[in-house]
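Report on one structure; see the data block that follows.
Lettering of chains follows the sequences in order, A, B, ..., and the numbering in each one begins at 1.
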2 protein chains.
Amino acid sequence: MIIKNLPHKTVERLSQYRRALLMTLSKEKTHVFSHEIAQMLHITPVQVRRDLMLIGYSGNLRKGYDIKELIELIGKIIDSDKGQRVAVVGLGNLGKAIISYFKGKRSKLSIIAAFDINPDKINRVYDGVPCYHIDQMTDIIKQNNISIGIISVPSTEAPEIAETLVLSGIKGLLNFTPKPLNVPPYVYLEEYDMITSLEKVAFFAKKNDERFK
Amino acid sequence: MIIKNLPHKTVERLSQYRRALLMTLSKEKTHVFSHEIAQMLHITPVQVRRDLMLIGYSGNLRKGYDIKELIELIGKIIDSDKGQRVAVVGLGNLGKAIISYFKGKRSKLSIIAAFDINPDKINRVYDGVPCYHIDQMTDIIKQNNISIGIISVPSTEAPEIAETLVLSGIKGLLNFTPKPLNVPPYVYLEEYDMITSLEKVAFFAKKNDERFK
DNA sequence: TTCACATTGCTAAATTTTTCACAATTAAAA
DNA sequence: TTTTAATTGTGAAAAATTTAGCAATGTGAA
Ligand SMILES: NC(=O)c1ccc[n+]([C@@H]2O[C@H](COP(=O)([O-])OP(=O)(O)OC[C@H]3O[C@@H](n4cnc5c(N)ncnc54)[C@H](O)[C@@H]3O)[C@@H](O)[C@H]2O)c1
Ligand SMILES: NC(=O)c1ccc[n+]([C@@H]2O[C@H](COP(=O)([O-])OP(=O)(O)OC[C@H]3O[C@@H](n4cnc5c(N)ncnc54)[C@H](O)[C@@H]3O)[C@@H](O)[C@H]2O)c1
């Protein structure tokens with residue numbers, strides 16, 4: 001299912017709605033109100049209703065939204081029906097943490113390979129994910145139709161790795177190194193740096209502290 | 001230095017500008033143009049100039065911005081002069097990765113303690129950071145004036161940990177578990193979940209793929 | 001059957017964030 | 001000294017995102 005021009009923020013929240021709903025799933029409760037979802041995610045009920053409106057989902061006036069239906073619909077929109085395969089490049093601290101975190105989380109989004117340059121890590125299996133030598137990357141990506149790459153190599157290596165991933169036909173990249181990358185427009189790039197998050201927390205914590213004292 | 005109501009997005013970018021500038025720092029180059037900063041971070045030059053305008057920094061019309069001065073000014077704004085101390089709660093895969101990543105990165109923002117419940121991890125030092133039993137958390141936070149907490153325990157434990165952190169006097173929280181937390185308004189909370197990032201990448205990668213094919 | 005009322009769905013307004021467009025400026029070149 | 005050209009700084013416009021406000025509605029109680 002395609003809904004044209006879903007805002008970036010809405011896509012993020014849909015992912016969060018689904019995860020929150022999956023977490024609260026229980027037998028007794030089949031429906032949920034917009035204000036309940038909102039409370040879980042620290043946003044307003046209007047925001048939730050607006051997002052659901054954008055994906056064309058209608059709730060029941062007295063019972064709220066059907067949890068099972070909603071989870072399913074979000075899946076229809078943000079997942080790809082054939083599923084998408086993911087590779088992690090750089091099996092260090094972070095790479096391992098990511099693999100262990102994803103294990104068994106999403107059926108439509110599966111990490112099926114890791115790549116590294118360190119011989120100690122190659123040809124071993126971590127949490128069900130085999131690790132290959134970086135030289136095999138292009139072949140394995142093409143053979144397995146991997147469309148998404150997660151970059152967790154040292155930042156100095158990141159640009160070269162990104163280039164290889166793009167040449168291998170990857171469609172989306174999640175970059176955890178602090179080195180900003182350049183990719184062609186047909187590849188979607190998302191960058192995340194914990195330091196930015198932490199500095200933001202530090203800034204607003206400091207500010208709050210002044211305001212509330 | 002306080003500038004009132006700096007937009008959230010601007011705070012994030014200031015952190016990124018500083019990091020990007022620190023990374024490109026060299027002897028030959030003392031100045032940088034807005035379009036150079038913009039290119040590094042995939043944003044527009046106007047955006048850069050607007051942000052710098054908001055913090056009241058003026059560049060040189062022909063030479064651009066003085067790199068050293070700018071880094072210093074950003075520090076004056078987003079850092080706290082006394083520095084802020086940080087604790088990591090939950091020294092698993094992710095907790096260790098975070099500590100190793102921060103080692104020696106920011107002088108004004110230092111991780112000085114970790115807490116866990118697993119006896120194997122307690123009373124050991126990881127990358128220079130000592131790990132204590134979770135029961136000592138409140139005392140150690142108060143004694144060392146730790147104002148920021150990073151939560152990387154299993155998500156089931158997160159709400160209780162957050163509550164304890166708040167009671168211990170923490171001012172800012174960075175939550176890496178997928179469990180949304182509730183904190184009082186005087187505590188700044190930032191939540192990050194990799195699954196949201198990855199699902200977003202997957203969604204837009206899929207979309208791009210349809211658009212460009 | 002009627003009524004009361006909590007909730008949805010949605011238009012319009014408000015707010016936040018980004019971009020446009022261009023005057024002002026200044027360092028270097030002529 | 002004058003000219004040239006590139007860049008900054010910023011008011012105003014545009015775009016994106018969030019919120020307000022409220023009619024419509026359907027459910028359960030009276
Ligand atoms: N640790 C964190 O929490 C964290 C957070 C944010 C970002 N990062 C960034 O993520 C990256 C990885 O962090 P980490 O802590 O896992 O580092 P790490 O050193 O533990 O892991 C890096 C891994 O990449 C491998 N590698 C090196 N060069 C390679 C190459 N050319 N091809 C393939 N593999 C290669 C190494 O063998 C190693 O296994 C770094 O850039 C770091 O800045 C880390
Ligand atoms: N691994 C990732 O990349 C990743 C990414 C995003 C979020 N997360 C989330 O971060 C959290 C940690 O992930 P992880 O991979 O490091 O898990 P992990 O199991 O490796 O580590 C959890 C650590 O917390 C400790 N712990 C458990 N209960 C505790 C308590 N009550 N007090 C103090 N410490 C306690 C455990 O002893 C362990 O050391 C999880 O909630 C996970 O969902 C992980």
Starting from the C-alpha separation in whole Å, work towards a yes-or-no answer on salt bridge (charged side-chain N to carboxylate O under 4.0 Å, His left out) for B:Asp79 and B:Arg18.
CA-CA 12 Å; B:Asp79 293 337; B:Arg18 173 164 70 173; 2.8 Å; yes
What bend angle does the helix from C:dT1-D:dA30 to C:dA30-D:dT1 show across its length, from five-pair end axes and to the nearest 10 degrees?
10°
Length of the OH-P vector between B:Tyr65 and D:dT7, whole Å:
11 Å
How about B:Thr177 and B:Ser155: does a side-chain donor come under 3.5 Å of a side-chain acceptor?
no
So what does B:Thr10 hit on the nucleic acid, given a heavy-atom distance under 4.0 Å: a base, only sugar-phosphate, or nothing?
nothing
Nucleotide D:dT8, atom P - distance to NE2 of B:His35 in whole Å:
7 Å
Spacing of A:Glu12 atom CD relative to D:dT17 atom C1', expressed in whole Å
12 Å
So do A:Ile140 and A:Phe115 actually touch side chain to side chain, heavy atoms under 4.5 Å?
yes
Distance alone, cut at 3.5 Å: any donor-acceptor contact between the side chains of B:Glu190 and B:Tyr192?
no
If we only count heavy atoms from C-beta on, is the B:Ser197 to B:Val201 side-chain gap below 4.5 Å?
no
Are side-chain heavy atoms of B:Tyr65 and B:Arg49 found at a separation under 4.5 Å?
yes
Please determine whether the number of non-hydrogen atoms from other residues, nucleotides or ligands lying under 6.0 Å from atom NZ of B:Lys200 exceeds 12.
yes
My understanding is that only residues two or more places apart in sequence, or in another chain, count here; which of them pass salt bridge (charged side-chain N to carboxylate O under 4.0 Å, His left out) with B:Lys171?
A:Asp209
Given salt bridge (charged side-chain N to carboxylate O under 4.0 Å, His left out), test B:Lys29 with B:Glu36 step by step and report yes or no.
CA-CA 12 Å; B:Lys29 219 165 140 45; B:Glu36 293 176 308; 3.3 Å; yes
For A:Asp51 and D:dA16, what is the distance between atoms CG and P respectively, to the nearest whole Å?
16 Å
Taking CD1 from A:Ile43 and P from D:dT18, how many angstroms apart are they, rounded to a whole number?
9 Å
Walk along nucleotides 20-30 of chain D from 5' to 3' and tag each nucleotide B, S or - by protein heavy-atom contact under 4.0 Å, base first, then sugar-phosphate.
BB---BBBS--
Nucleotides bounding contact with chain B, strand DNA chain C, heavy-atom threshold 4.0 Å
C:dT17 to C:dA28
Please report the distance, rounded to the nearest Å, between NZ in A:Lys9 and C1' in D:dT19.
14 Å
Here the distance between atom P of D:dT10 and atom CD of B:Gln47, to the nearest Å, is 16 Å
Tell me, please, which residues at least two apart from A:Tyr17 pass side-chain hydrogen bond (donor to acceptor under 3.5 Å, both in side chains).
A:Asp51
For A:His35, check ring-ring contact (aromatic ring centres under 6.0 Å, His included) against everything at least two apart and list the hits.
A:Phe33
